[in-house]
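In what follows, a structure is listed as structure tokens, so that the remarks can point back to it.
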Amino acid sequence: MPAIRLLPDTLISQIAAGEVVERPASVVKELVENSLDAGATDIHIVLEEGGIRQIRVVDNGAGIGKDDLPLAFARHATSKIASLEDLEQVRSLGFRGEALASIASVSRVTLSSRAASEDRAYTAIAEDGRIGSPEPAAHPVGTTVEVSDLYYNTPARRKFLKSDATEFAHCEDVVTRAALSRPEVTFTLRHNGRVVARMAPANFAQRVESALGSEFAQSMRSLDANASSLKVCGFAGSPSYSRSSRDNQFTYVNGRFVRDKLLSHALREAYRDVLHGDRHPAYVLFLDIDPRGVDVNVHPAKTEIRFRDARAVHQFVFHAVAKSLAAAPGEAPASVATPIAYGLSPEVSAGQAALSLAQPMASYSARFARYPQEPATAGMAPGAAQPLQGLPLGYAIAQLHGIYILAQNAQGLVLVDMHAAHERILYEKLKSALDARTMNTQKLLIPSTFHADRIDVATVEEHGETLNLLGFDVAAISPFALAVRAVPAMLADADPAEVARALLRDVREYGASRVLTERRDELLGTMACHGAVRANRTLTIPEMNALLREMEETERAGQCNHGRPTWYQMSLQDLDKLFLRGR
């Protein structure tokens, strides 16, 4: 008797179903994608017991003709591709021709459909690998697929399913992903006889709000960037809308929802400067690329892909999202329409480099001379906002408890955390100066000395060049003492010894090369924190206004180095609500 034998078709289909039909949500995904490929504009998804007992998807798409109904259940039968050339440039969501066959091998399936070109509808039933002949039925143009008793014939697989609530949550996620990709399509989701969600046709922003909620919609920044054959558009959530999990992260490639490590890494890098700790960003992004530049035939679930020029895609997405997040308060963060030359670092002009050498907080009064002087805001009527136009953060009117700046702009009241705001300004300037190798130093009239152990002294002697590059001049004056003789000009107000200790600690722990590469941002963030204006520091009105103008010129000024907001807008309407005005 031969040891190798051919498996029966039913078992082959059940094995294949293990990759395609992981849980009820997998069925919903495949059926909804078929509906979208059929051109449906109205899709109803009806679930019973989380989809375990029954899944029914009804659409108004092109429908299936009588002669094609039995083929719909056949493995590797599809209308979407016919050759290798078609496969290499596929744009349809489905193309393998095995989803319905796999579903039918582990459930009872009834397929009812009427093609737009035919006068009547037909129904076919598949069960236990047997496909019934098409029978006449009453059905409008479109298709209904009813899947009952998932895994009834493979009880071992059924045991791995979770509770009804858990399985339904996964199904709901699938519907949300599909709805985000096609805002022009109506989606209705029912569970156990109750309508859970109904999303009518809308523009993209409205669909995002209906699917993900108003909180995300209010925080999102739109982007639209083009470069050669690449285009990315969508919405990137503000860092202030960070999440404790990755639940609101949606990436699509040519309209297909994907989970791609390369895109995820590009997005993490784009948020790295504004989001720290264990927080995760939220976004809905669509990448459009020549189909020949991406391989979607990687896994039966079709959520994994491969890019032919992975580096170019990574750089393009990274720069597009980073540019959107870098919009200063003075810019409109809602749109990034400028084409981006991917693969290149963002340019830093000579003017920006010079600006990065601007004076520390103590000399803001002198710097303010180049800005318009603040208007006499006291007693201004709410409608008299003309002097405030063009200044997003407005003009300072007071300082609160030495911590917050209160400013008036055209919309109402602006609250600024002065330390957090100054910290971001210094951080961006330090980065620009270090990248341009133009870190200006300021010699101290009296060197700042402090006690040090032998390893700190050795670190100074070994890595003096790195310290100089960062704007510090530190020298050993004894085996157990160091003297700070110069610091970066931007940190002139900081405690020299304290900043030097933090710097030496990083150099000692990570090494000079890592401090200047992968640890660079953390180190510069620490330096900026030490140099930023402290709480309880009294500022004059000109100094406060200078800080506001600096914020308007600084990238990512809406968040501090730790991802917290630096300012908050309260509109006149918000204030009216607080005081019940107009009621």
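Numbering of residues begins at 1 and proceeds along the displayed sequence. These numbers come from the heavy atoms of this one structure, side chains and all, not from hydrogens, waters or symmetry mates. On a predicted model such as this, the values are computed, not experimentally measured, just so you know.
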Evaluate the side-chain contact (heavy atoms from CB on, under 4.5 Å) criterion for residues Tyr252 and Val284: first the C-alpha distance (whole Å), next the side-chain angles of each, then the deciding distance (0.1 Å), finally the verdict.
CA-CA 8 Å; Tyr252 299 81; Val284 183; 4.3 Å; yes
So Val145 and Val147, side-chain contact (heavy atoms from CB on, under 4.5 Å) or not? Walk me through it.
CA-CA 6 Å; Val145 183; Val147 178; 4.1 Å; yes
I'd like to know whether Arg549 forms a salt bridge (charged side-chain N to carboxylate O under 4.0 Å, His left out) with Glu553, so could you lay out the CA-CA distance, the side-chain angles of the two residues, the decisive distance to 0.1 Å, and finally the verdict.
CA-CA 7 Å; Arg549 303 293 81 78; Glu553 296 174 356; over 6 Å; no
Trace of the side-chain contact (heavy atoms from CB on, under 4.5 Å) decision for Phe307 with Leu287:
CA-CA 12 Å; Phe307 294 104; Leu287 177 68; 3.9 Å; yes
Apply side-chain contact (heavy atoms from CB on, under 4.5 Å) to residues Arg520 and Val515 and explain how you reach the verdict.
CA-CA 5 Å; Arg520 183 200 73 157; Val515 160; over 6 Å; no
Report the C-alpha distance between Gln559 and Asp273 in whole Å, list the side-chain angles of each, state the deciding distance to 0.1 Å, and finish with yes or no for side chain to side chain donor-acceptor pair (under 3.5 Å).
CA-CA 9 Å; Gln559 290 78 35; Asp273 246 5; over 6 Å; no
Apply salt bridge (charged side-chain N to carboxylate O under 4.0 Å, His left out) to residues Glu428 and Arg556 and explain how you reach the verdict.
CA-CA 9 Å; Glu428 294 296 334; Arg556 308 175 186 88; 3.3 Å; yes
How far apart are the C-alpha atoms of Arg508 and Tyr510, what are their side-chain angles, what is the distance that settles it, and do they pass the side chain to side chain donor-acceptor pair (under 3.5 Å) test?
CA-CA 6 Å; Arg508 185 176 66 234; Tyr510 300 104; over 6 Å; no
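Between the CG atom in Leu523 and the CG atom in Leu434 there is a gap of 8.5 Å [rounded to 0.5 Å]. In this structure, the separation between OG on Ser181 and CG on Asn254 is 12.0 Å, given to the nearest 0.5 Å. Annotation: the span from Cys233 atom SG to Asp288 atom CG amounts to 8.0 Å, rounded to 0.5 Å. Distance check: Glu215 CD to Met220 CE gives 13.0 Å after rounding to the nearest 0.5 Å. Once rounded to the nearest 0.5 Å, the distance linking OG1 of Thr251 with CG of Leu267 reads 7.5 Å. Between the CG atom in Asn60 and the NE2 atom in His44 there is a gap of 8.5 Å [rounded to 0.5 Å].
The nearest pair of heavy atoms linking Leu325 to Ala236 is CD2-CB, 4.5 Å. When all heavy atoms are compared, the tightest approach of Leu263 to Val313 is CD2-CG1, 3.9 Å. When all heavy atoms of Pro24 and Glu167 are compared, the pair lying nearest together is CD-OE1, 3.4 Å. Contact record, Ala211 with Met199: CB-SD, 4.1 Å, taken as the closest heavy-atom pair. Contact between Cys529 and Glu423 at its shortest, heavy atoms only, is CB-OE2, 3.3 Å. Nearest approach of Phe187 to Ala179, heavy atoms of both residues: CE1-CA, 3.6 Å.
Contact check for Phe472 versus Val499: side-chain heavy atoms found under the 4.5 Å cut-off. Taking 4.5 Å as the limit, every side-chain heavy atom of Val58 sits out of range of all side-chain heavy atoms of Ile43. Using a 4.5 Å cut-off on side-chain heavy atoms (C-beta onward), Leu391 and Asn409 make no contact. Considering only heavy atoms from C-beta on, Leu189 stays 4.5 Å or farther from Arg198 through its side chain. Between Val232 and Phe316, the closest side-chain pair of non-hydrogen atoms falls below 4.5 Å. Contact check for Asp506 versus Arg519: side-chain heavy atoms found under the 4.5 Å cut-off. Using a 4.5 Å cut-off on side-chain heavy atoms (C-beta onward), Asn561 and Arg424 make contact. Side-chain atoms of Phe168 and Val196, non-hydrogen and from C-beta on, do get closer than 4.5 Å to each other.
In this structure, Thr186 contributes its side chain and Ala200 its backbone to no donor-acceptor pair below 3.5 Å. Remark: the backbone N or O of Leu71 is not paired with any side-chain donor or acceptor of Asp68 at under 3.5 angstrom. The backbone N or O of Arg243 sits nowhere less than 3.5 Å from a side-chain atom of His280 that would complete a donor-acceptor pair. Judged purely by atom type and a 3.5 angstrom limit, Arg182 has no side-chain atom pairing as donor or acceptor with the backbone of Gly255. The backbone N or O of Ala512 sits nowhere less than 3.5 Å from a side-chain atom of His463 that would complete a donor-acceptor pair. A donor-acceptor distance shorter than 3.5 angstrom exists from the side chain of Ser210 to the backbone of Arg207, with no hydrogens or angles considered. Listed for the Ser264 side chain is a donor-acceptor partner under 3.5 Å among the backbone atoms of Asp260.
Under the 4.0 Å criterion applied to side-chain N and carboxylate O atoms, Asp224 and Lys231 are assigned as salt-bridge partners. The existence of a salt bridge linking Glu509 and Arg505 is excluded, since no basic side-chain nitrogen approaches an acidic carboxylate oxygen closer than 4.0 Å. Ion pairing between Arg272 and Asp521 holds under the 4.0 Å rule for side-chain N and carboxylate O. Taking a cutoff of 4.0 Å between a charged side-chain nitrogen and a carboxylate oxygen, Lys431 and Asp435 do not qualify as a salt bridge.
Checking Thr143, Asp59, Thr41, Asp42 one by one against Ser35, the side-chain hydrogen bond (donor to acceptor under 3.5 Å, both in side chains) holds for a single residue, Asp59.
Under 3.5 Å, the side chains of Glu184 and Asn203 contain no donor-acceptor pair of N or O atoms.
By the 30° and 60° cut-offs, the orientation of the rings of Phe204 relative to Phe235 is tilted.
Counting heavy-atom neighbours within 6.0 Å of Glu465 CD, excluding the residue itself, gives a total of 12 or less.
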